[in-house]
Amino acid sequence: MGWTVLPHPPYSPDLAPTDLHLFGSLKDTPRGRRFVYDDELEHSVREVLRRFSKRFYATGKQLLTQRWISVNN
């Protein structure tokens, strides 16, 4: 895919996955809902991901890059 794999420790409290741009926004939508089947959850998540704009994803990528640079400098 043309990506560069960046070295980082297996666990970094400064880059916890739950702090990332996408996951914070993704958690809000299904909050309080119960999913009986995995398919229901998958469908809900896919719908949320489709609603995010290209700008939303670009911003998240930029924020992650800036954060990685600040942690590793």
Side-chain angles (χ1 to χ4, degrees):
M1 299 186 106
W3 295 0
T4 302
V5 177
L6 302 174
H8 61 85
Y11 173 74
S12 173
D14 293 332
L15 292 174
T18 54
D19 292 341
L20 300 180
H21 185 69
L22 174 66
F23 297 114
S25 300
L26 189 58
K27 287 189 308 188
D28 290 337
T29 301
R31 189 177 308 261
R33 289 184 58 193
R34 291 185 179 253
F35 298 96
V36 178
Y37 301 104
D38 289 345
D39 292 347
E40 293 174 317
L41 175 60
E42 182 179 343
H43 177 75
S44 177
V45 169
R46 286 181 186 271
E47 286 301 311
V48 171
L49 294 175
R50 284 187 189 112
R51 284 189 225 136
F52 292 142
S53 67
K54 288 181 183 180
R55 185 176 188 91
F56 173 84
Y57 289 108
T59 300
K61 183 179 172 184
Q62 183 179 16
L63 290 171
L64 180 60
T65 302
Q66 290 170 352
R67 193 163 185 191
W68 188 89
I69 289 169
S70 71
V71 168
N72 289 289
N73 282 333

Side-chain donor/acceptor pairs under 3.5 Å, residues 55-63, sequence neighbours excluded:
| from | atom 1 | to | atom 2 | distance (Å) |
| --- | --- | --- | --- | --- |
| Y57 | OH | L49 | O | 2.8 |
| T59 | OG1 | R55 | O | 2.9 |

If you round to the nearest 0.5 Å, how far is CZ of F35 from NE2 of H43?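 Output value for this atom pair is 9.5 Å.
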
By side chain to side chain donor-acceptor pair (under 3.5 Å), which residues pair with E47, not counting sequence neighbours?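 If we apply the side chain to side chain donor-acceptor pair (under 3.5 Å) test to E47, skipping adjacent residues, the hits are R50.
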
Quick one: which residue pairs count as a salt bridge (Lys or Arg N to Asp or Glu O under 4.0 Å) with a foot in residues 33-45, not counting sequence neighbours?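 Salt bridge (Lys or Arg N to Asp or Glu O under 4.0 Å) check on residues 33-45 returns E42-R46.
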
